[in-house]
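Data block below; observations after.
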Amino acid sequence: MEYNFREIEKKWRQRWVSQKTYQVTEDKNRQKFYVLNMFPYPSGAGLHVGHPLGYIASDIYARYKRLQGFNVLNPMGYDAYGLPAEQYAIQTGQHPAITTEANINRYREQLDKIGFSFDWSREVRTCEPGYYHWTQWAFQKMFESFYSQAPLSSPEGETSAKKASARPIEELIAYFEKNGTEGLDRFGVACSPLGESEGTFTASEWNAMSEVEKQQVLMNYRIAYLGETMVNWCPELGTVLANDEVIDGVSARGGFPVVQKRMKQWCLRVSAYAQRLLDGLETINWTESLKETQRNWIGRSEGAEMQFKVANSDIEFTIFTTRADTIFGVTFMVLAPESELVKQLTTSEQQAAVDEYLSYVKKRTERDRISDRKVTGVFSGSYAINPFTGEEIPVWISEYVLAGYGTGAIMAVPAHDSRDYAFARHFNLPIIPLIEGADVSEESFDAKEGIVMNSPATGKQALDDFSLNGLTVKEAIAATKAFVASHNLGRVKVNYRLRDAIFSRQRYWGEPFPVYYKDGMPQMIPEECLPLELPEVDKFLPTETGEPPLGNAKRWAWDTKTNSVVDNSAIDNQTVFPLELNTMPGFAGSSAYYLRYMDPHNDQALISPEADQYWQNVDLYVGGSEHATGHLIYSRFWNKFLFDLGVSCKEEPFQKLVNQGMIQGRSNFVYRIKEGCPLPASPKGEEDGPWFVSLGQSEKYDVTPLHVDVNIVKNDVLDLEAFKAWRPEYANANFIFEDGSNSLSPLGETEGAQYVCGWAVEKMSKSMFNVVNPDMIVEKFGADTLRLYEMFLGPVEQAKPWDTNGIDGSHRFLKKFWNMFWSKDALAVTDDEPTAAELKSLHKLIKKVTEDIEMFSYNTSIPAFMIATNELTALKCTKRAILEPMVVLIAPFAPHIAEELWEALGHETSVCDAQWPDFNEKYLIEDTVKMMVAFNGKTRFGIDFPADADNATIEAAARNHELTTKYLEDKQIVKVIIVPKRMINIVMK
RNA sequence: GCGCUUGUGGUGGAAUUGGUAGACACGCCAGACUUAGGAUCUGGUGCCGCGAGGCGUGUAGGUUCGAGUCCUAUCAGGCGUACCA
């Protein structure tokens, strides 16, 4: 019987739907396994062949786990909010919901053809009210929470059994009512950076505050808060962007310039969770490189904050340093241009120079700073006093100090910091070396090693006779920290690079905030009124007054009497208030979708405790590594917050994570001969077309390489007729072939002359004509072939180019596999007892495939299938005891063909409910075992032993072997080494 | 600059704790069959050499009876990050 993949695949696609084969329910009697793919953004271009790679890999794993008896959750959905649909809406007026719906349908159609075991009854879409209900809900909870290292009720604060957690803001309010801010620092409460004056108040001061004042104070502590921060503003897109959405100073989407701007924005206090995000990495099974990326992004650094007084003034300021030991080498201080201190410390003589510098800095974009790293700065006119020596140190202002990290001010130690060194050299400031033997005449000595000197310099004296001379750097750092703490000069401090996430976007196509404004302060709409649905607008652009697109909505006001959305005209700021105009960013909807899959239709809660208890967290998460510092940080944060709330029972959402590598395109080129370059033949008389030369001949001509559609090239040989039809201007094209002949030579072209294209690996994109569409492959070869080939292409984690050429091999294999079962049009399978050779083939395969799937290295299982199939075909094996397990083994990889064969073998249930075959080692034992014996540096092989021989027998036999004996007699033996080959290892066990 | 990562035939890639490097597939070559195909089947295919033989895992050393695998140095590519004090 012929392998008719089209019919088979169609049949099983329908059957899986009608029999609900992949729907799962919580089943307490079976162990759960949760497989998850990063859900896609449904773009207009549809899927290309690279998209399904990770889905196939995880689908194989999901099917394998199911065959092993697990209750497998393998859901899919759409990250449906996003910029492209909105940009398209702006250009065409088409509502993004319509575009998105159309794209989703296209995605679904494509996905359905590949045979995934997704439970579509659990599909989620981030843009649906039933889904974003819970995004809004979580946001409200964050607004109503603050974060502290210990419960405020514990009397000892930090010294008590710590439990860092988000807590209801009411706890903080109760504390303020009783104590003000007195003693609050014992509890490690996370808050926005505050000045001395606004940060402290007494209980009676708190109680005397107006409601608005209280709200303003609380805003500094909420986990979701409205904060005035420097943001990445993208004028072209008219919105702010998160740090991970900005690459090289331009927007990740669109590549538009990004500038720094001070704006009031919703923020999430991700930084409060920095330490837990760092610690959590130790408990999860991710690749080391990805964990390292997150560690760097979190950027923990231990150091000290130190106070510096300003000479002739009562101003004091704080700096952060990890090299407290270099205090005696400080020769100047530097402030960030955006620092509040700049205003206070600039003297009247320097005012003009400073103003000029600040306006220069303001003009520079992020991109300028990156591209030219020149040394710039200006003297403020003020001097700071070194707390250890009393010396006066000039205070400078320079853009190399960042306002957003540490305190926005540093002590500069040019001898031991390369940035300070460059600055000192440029402005001719003194450089004092502090490490014995360090040569700082050409560059700074940044390493944290060596013996300290000049601390203080000979003949000078420091506060309390403090000295670091003679200590190692490590000892000096510790000693200085201790001294700083004991003399009240500052405190030991851990800083994180991780910033709070900016959570507002000035866009239409996103989750609306469930927030209205009363007296300028945000208020949450009542929880039972969620979801607050996205309003309709006429235009998707910002309003004329520069408000976000929601400013165009006519019905976007909140009536607190009826608790409903009403017309803007009703706004009276008494009972009807304006609603928030910003929307949430892309990462909002993707931050907890894995929880929603567990209980997608629950309209009472994000997830029921029962569903959460059963599914717990994701066992295997598959997706691209480009989300390392975005989604994978935010969702870990989000999940930790929900964990603190008791909503999620696991602190880490994704236990194991595999990054699938990108599939690149393989572009083909033709070489067009430039005008004026001598040609091999003259025109035929008709209108002469352009000339193209084959790769091997192209060096002889002056050519321009041009991309050519990979779909009209086979094995790098151009299909000439298809090429002529591809573009009207190529209709009369002439060719010089690989063998040097040409299409216009008087004798005609040589028989078999070919035009060979060049090739290169590039990104898969329309403009390079190298996009390969999975539908086409499925149409030609079938979904099972596509699945097999995608896995065969190489390790899942590695980036690799797509090359359709090799796909025949996978298809041929499936045909061979199919043919094992059939003789003419009848099933050939018999119930005979299998032979030892047949059992060996089967069990070798079981072992290999089981191990491979566990290790996620499918690319080596496919060859194992091919070898086993070839072996069994050669043995003419048609025995059920061999072939039936083979069907189960291949089911995760090629589910359609497996179902068809399973049914042909007489089974009434789906192959999905079969049992994964057990591996038995006894079938693998060899009859004989080869040994290797090494003589005088040369290894010899070829001593055979019975397979059941034990170690001692083998060694004795080897020693008695005639060769061995001869060498022993000649005393030329250095060593006799007996190396069991792998088969022996099995015997030994 | 820093961090991570990868270097194996014409190509994608195999090679378990160090143990016959190049599995399997593509491509290529030869042959068979034929309804002449983008079909199927068989055999061959790392490089040099007629041959025996020699050389081969980015490069140079080292450890070892034995190294793709371990160590040291170095070169090249990929990814991430960017003045984080």
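Reckoned from all heavy atoms, side chains included, excluding hydrogens, waters and symmetry mates. In what follows, chains carry the letters A, B, and so on, assigned in the order in which the sequence lines appear, proteins first and then strands, with residues in each chain numbered from 1.
Taking for each of A:R497 and A:I867 the nucleotide of RNA chain B with the nearest heavy atom, the 5'-most of the two is the partner of A:I867. Looking at which nucleotide of RNA chain B each of A:A864 and A:D803 is closest to, the 5′-most match is held by A:D803.
Using the Watson-Crick or G-U wobble rule with both distances under 3.5 Å, B:G80 pairs with B:C2. Judged by Watson-Crick or G-U wobble contacts below 3.5 Å, the nucleotide B:G31 has B:C41 as its partner. Across all strands shown, nothing is found opposite B:G66 as a Watson-Crick or G-U wobble partner with both distances under 3.5 Å. Nucleotide B:U59 forms a Watson-Crick or G-U wobble pair with B:A73, both donor-acceptor distances falling under 3.5 Å. B:A21: no Watson-Crick or G-U partner with both key distances under 3.5 Å is found in any strand.
Contact annotation: A:R812 reaches the phosphate of B:U40 (side-chain N/O to OP1 or OP2, under 4.0 Å). Phosphate contact (OP1/OP2 of B:C24, side-chain N/O of A:T860, threshold under 4.0 Å): absent. In this model, the phosphate group of B:U6 is not approached by any side-chain N or O of A:Q798 to a distance below 4.0 Å at OP1 or OP2. Phosphate proximity of B:A85 to A:Y405: present, with a side-chain N or O under 4.0 Å from OP1 or OP2.
When distances run from any side-chain atom of A:T293 to the nucleotides B:G3, B:G80, B:A25, the shortest one goes to B:G80. Proximity note for A:E292 (side chain, C-beta onward) versus B:A14, B:C4, B:C41: the nearest is B:C4. When distances are taken from the side chain of A:D808 to each of B:A85, B:G13, B:G27, the shortest belongs to B:G27. Nearest to the side chain of A:W297, among B:U81, B:G3, B:A25, sits B:U81. Residue A:F792 places its side chain closer to B:C24 than to any other of B:C41, B:C24, B:A85. Considering only side-chain atoms of A:V401, the nucleotide from B:U81, B:A23, B:A85 that sits closest is B:A85. Of the listed nucleotides (B:A85, B:A25, B:A14), B:A14 has the atom at the smallest distance from the side chain of A:N859. The side chain of A:M866 lies closest to B:C24, out of B:C83, B:C24, B:C26.
Residue contacts for A:R300: at a heavy-atom cut-off of 4.0 Å it reaches no nucleic acid atom on any strand shown. Nucleic acid contact for A:L793: sugar-phosphate only, since backbone atoms but no base atoms lie under 4.0 Å from a heavy atom of the residue. Counting non-hydrogen atoms under 4.0 angstrom, A:P795 reaches the backbone sugars and phosphates but no base.
By the 6.0 Å contact criterion, CD on A:E2 is open, its count of non-hydrogen atoms from other residues, nucleotides or ligands being 12 or less.
Rounded to whole angstrom, the span from the CD atom of A:E626 across to the P atom of B:U81 amounts to 11 Å. Residue A:I327 contributes atom CD1, which lies 17 Å from atom P of B:A85 at whole-angstrom precision. Taking atom CD1 of residue A:I862 and atom C1' of nucleotide B:G12, one finds them 14 Å apart after rounding to whole Å. Rounded to whole Å, atom P of B:A85 lies 22 Å from atom CD1 of A:I397. Nucleotide B:G80 holds its P atom 17 Å from the CD atom of A:E797, rounded to whole Å.
B:G18 and B:G66 are spaced 16 Å apart, taking the P atom of each and rounding to whole Å. Taking atom C1' on both B:G44 and B:G22, the two are 16 Å apart, rounded to the nearest angstrom. Across the C1' atoms, B:A14 and B:U8 are found 10 Å apart, a figure rounded to whole Å. Comparing B:A23 with B:C70, their C1' atoms sit 24 Å apart, to the nearest whole Å.
The pair A:E442-A:R425 does not count as a salt bridge, with every side-chain nitrogen at least 4.0 angstrom from each carboxylate oxygen.
For A:R636 and A:W297, the positive end is not near the middle of the six-membered ring at less than 6.0 Å and at most 45° from its axis.
Evaluated for a side chain to side chain contact (heavy atoms under 4.5 Å, CB included) with A:P337, the options A:L402, A:V401, A:I397 yield exactly one hit, A:I397. None of A:T321, A:T326, A:D325 except one satisfies the side chain to side chain donor-acceptor pair (under 3.5 Å) rule with A:R323; the exception is A:D325.
In this structure, the side chains of A:T480 and A:F388 come closer than 4.5 Å at one or more pairs of heavy atoms.
Nearest heavy atom pair, residue A:F737 against residue A:Y755, reads CD2-N, 3.7 Å.
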